[in-house]
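These notes are about the structure you will find just below.
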Amino acid sequence: MTRRLFGAGVGEAVLRADEYRLLRDLVSERLGIWFGPESRLSLERRLRERLTVRGLTSYSDYYHLLKFSPFAAEEWEEASEVLTTHETYFFREDYQLRAFKNELLPLVAERNRQRKRLHIWSAGCSTGEETYTIAMLVLESGLFDGWEVRIYGSDLSKKCIASARRGAYGPTSFRVTDEAAKRLWFRPVGEREGDPGTAVSHGVAPAVRALCHFAQMNLLDKERTYLVGRCDLIFCRNVMIYFDAPSRKRVIEMFHERLVPGGILLLGHAESLLNVSTAFELLHLRGDLVYRKPTTAGTGSEP
Amino acid sequence: MSPRLTRVLAGLSDSESETRRLATQNLPELPAPESCDLLLVALGDPDWRVRKEAANVAARIEPRTAVVFALARALGERDDTGLRNAAVEALVSIGPDAVAGACDALTRLDADGRKLAVEVLAGAPTLAGMRALARALSDVDSNVVTAAAEGLGRAHLAGDEARELALMKLTEVLASGATPARLASLESLRALGDGLPWAVLEPLFADAWLRRPAIAATGGNTTPRAVLALAEACADSSATNSFEAVFALGQSLEAGWGDDDLLEVAAKTLRASPAARGRLRALAKAGNVDSRARGAAILALGLIRDPDDVALIADALADDAVADHAEAALLLFGCDAVEPLLVAGRTAVPSLRGAALSMLPQLTLSPTGAGAGEEGPAHLAAVREALGDVSAEVVAPALKSLAFVGGAADIPAVAHHLTSSEPRVAGAAQGALLAIAARNVDAARLAATRVDPRGDGALAATLLLDALARAGSSRPEDAEFLASALSHREAAVRRAAVEALAVLGGEEAALGVTFSLADEEPVVANAAIRALGRLGRAEQLAMLVAATRDPIRLAPLLRALRDADPARAFAAARPLLRSKEAAVAAAAVDVIGSIPVDARIEALMGAAEHPNHEVVKLALAQLANTGDERALASLARAIEHGAEAVRRYAAELLGQEGGAEAEGMLRARLDRERSAEVRTAIMAALSSRPDVETLA
Ligand SMILES: C[S@@+](CC[C@H](N)C(=O)[O-])C[C@H]1O[C@@H](n2cnc3c(N)ncnc32)[C@H](O)[C@@H]1O
């Protein structure tokens, strides 16, 4: 009854059940994202525009394009834009960020005090808000002056990475940012002279930018993830909730490998590693629960 | 002692848990009986990660019988909960082979041990196991009884006989058992399928403990008395009961959609209860993260038809998860929704404004809207105004609306959007222009006259000529215009010209289209291929199929050949099924699946043995689509395929297929399947009911 009342307009293609299954599996293999039966309509809506652009008349044609065509790689970039959710904002999930700043950063500062090196990866950073937030908290902690600090932001989407590099944000990115933090870490862009509050957007302060490095990568593409060195902490929040179990497992294993012994993995509040991996141990903080790669016997410090 | 054994032993007694975990991974390589003994050591490790690893490897340790009985004994280790739980996990991962051990444990262990044995039997569903669970319903210990009732909820995974047995036994417990066992039975009866009769459910509504699960179990029931009870329960003083009732009512409404008498039963009750309406509004709000409950509440508000709710419902149009429910609800309002929708649209974000706009034509065309003439102009004005919006999210739906309700006067404004850089706007404009032109032949002709086929207005004119050709109003000079437009600098015009020529037909048209096969833009070349199919150029297409070396070109060529001459396409595609190149074989499978001749079944069955997995999946999908009995034979082989991806896929198709034979295959495979992924897929398939395809 409620299905398909107005989904397709005049002459538009409809996603048949067999096409749905094939495309669903293809997307899961390539991007890790799972479109379960309840998301069939959503898959259809999201891909419809791609059919239009490519001048295709059926989803089956589109499947052949993604699977067998020499233009597949190019098309996957466009497809992943429409298949992913990019929603993000500064200081998201603040209880976790507090635990990061007050409990985890001192821990790492202590552990790495000789090498004076801090590497953090924000995996699936979307348009960069999370990456910059991490940098702001690192600066705010005051624990790493004179250290080699690098904060990597990576995302599947080229467009997102481009806008992360631009580093200018509109009001929706600031939905939970208080005014003090905004004044401290951002510069208004396009403000009319002598008329505060007219800025169309806010740019990230240069000191914050200097710590952040962005790159496009698919977390399932192991080779590319090697480009990120060994990390002390990895944030991967609200990314794997959309993944199927095998992809989640692959990514978690990759994170395990990318972390130094004793390194920490932070997930979004709705995510957990239970049933995914036994390779991490749970670290109970006062304000949060995080996952730690065990330090194996004999290797006290990182390689 | 072998060096390997020494190493594992040392590893397992290391003080570092990570070392013990790694040593555990090597257990399957050890000889019996040490492998089995050490497995129990690892299952009793103080660190849960080691225990989990041990449970994971248990299924790979031989001999199985020894492992199973050792594990079953471990279920009785009163003082070591960690070991007991790990043993359950290990036995479940071993699957059906563990059942004998668990049945044995059920007769010998203490109550806690028996409860764990019950968990194993539920986790590895077999007929023998379900019989044992049915017996356990009369255990002296109430926890064992409850666990057995829970476990019987998986009896459908063990076949019809097991399911029948479970249905009978659980219904008995539901009528007379202790409360926890009744609760578990109700849950299990729901899991087993077809919905419980209202006569069984009705008495439970009056029971304080069972009311909520009974409400949930009534969801989807379309007996008027059941729907009435659910509507009343929406106002239940307990918030959780009322939440459950809204959700359940939503399921019943969906199941009974179109049955106006039934819907009226619910509508009357809801209208009369302010409390119920308050609950519905709260649940329908945008902040509700549970989209299933939100969707249900929205449907119910649609039944009530209070214009004050339109804005609330319209909000949901922008959310993929509930948009369909919102559309259905608004449709119930008909033209009464138009005014409030326009008001809400004015201040909404673009996506929402767009969604509201796209609803307008359907509302005024819907049965309740018919005859409400004065609504027309107001909403048409709003749609026209939206064409000037800056956001594609508004303009595209406005264009889609105009496709239904636009008139001759809209042609220039719609044409203006044909060249938008936003693909969805340009696409919607094309659709709208074709639709409007079809309704306004004279105006279309006028707009297409005196246009330069190589100039700026050529796209609109070409599309208009296309529409005129479809309406049978072509003129001789049209062919000349289109032939000239084939050389336009814009690919969009060339493509449109190719498509229009395909409608127009004739030798001239075919000549022009043929040359467009060489177009450097794939959209144009592909359109040309399709056009040759429509023009019936079988000879030419067959030659192209034989000559092409480009596998990507092959798929559209074969399809076009099928449109022109199915028998010939079949003959051309059949030998290609064996191509080593996956893209070629896939194209052949695709086209053969769509030609309704009997020989295709055999051909597709052959393709289901292709070395490339993706081709196998495609062939299976096409076979399943044919609905032919012989498809089952291929699915039977595929469920034993070496690749997990194929087995998973075959499981899903067998679940769709339904029927005793398909179920039998699934169950037989489940008994042997070692991959957790595939096991999950098989169980899901066994639980699924083949759903009816809803094709628009
Ligand atoms: C909802 S955003 C999360 C942003 C940020 N981490 C936060 O919590 O606010 C999810 C991001 O994951 C990215 N993503 C999805 N699949 C991915 C994959 N396979 N590899 C890398 N990034 C992926 C999407 O492009 C999207 O930008």
Between [X] and chain A, with a heavy-atom cut-off of 4.5 Å, which part of the residue counts as in contact: side chain, backbone, both or neither?
X: B:E652; answer: side chain
X: B:A587; answer: backbone
X: B:L434; answer: neither
X: B:N56; answer: neither

Practice prompt. Report the C-alpha separation of A:K293 and B:E18 in whole Å, then their side-chain angles, then the decisive distance to 0.1 Å, and conclude whether the salt bridge (charged side-chain N to carboxylate O under 4.0 Å, His left out) test is met.
Written response: CA-CA 10 Å; A:K293 173 171 172 170; B:E18 183 63 11; over 6 Å; no
Discussion item. Contact between A:E281 and B:W48 at the side-chain level, heavy atoms closer than 4.5 Å - yes or no?
Written reply: no
Item to complete: State, with a plain yes or no, whether a side-chain heavy atom of B:R49 is found less than 4.5 Å away from one of A:F280.
Response: no
Checking [X] against chain B: side chain, backbone, both or neither under 4.5 Å from a heavy atom?
X: A:L26; value: side chain
X: A:R50; value: neither
X: A:S69; value: both

Worksheet entry | Stepwise salt bridge (charged side-chain N to carboxylate O under 4.0 Å, His left out) check, A:R45 with B:D324 | CA-CA 12 Å; A:R45 286 186 186 178; B:D324 281 341; 3.4 Å; yes
Fill in: Heavy-atom pairs under 4.5 Å with chain A, option from B:R648, B:Q622, B:K617 with the top count
B:K617
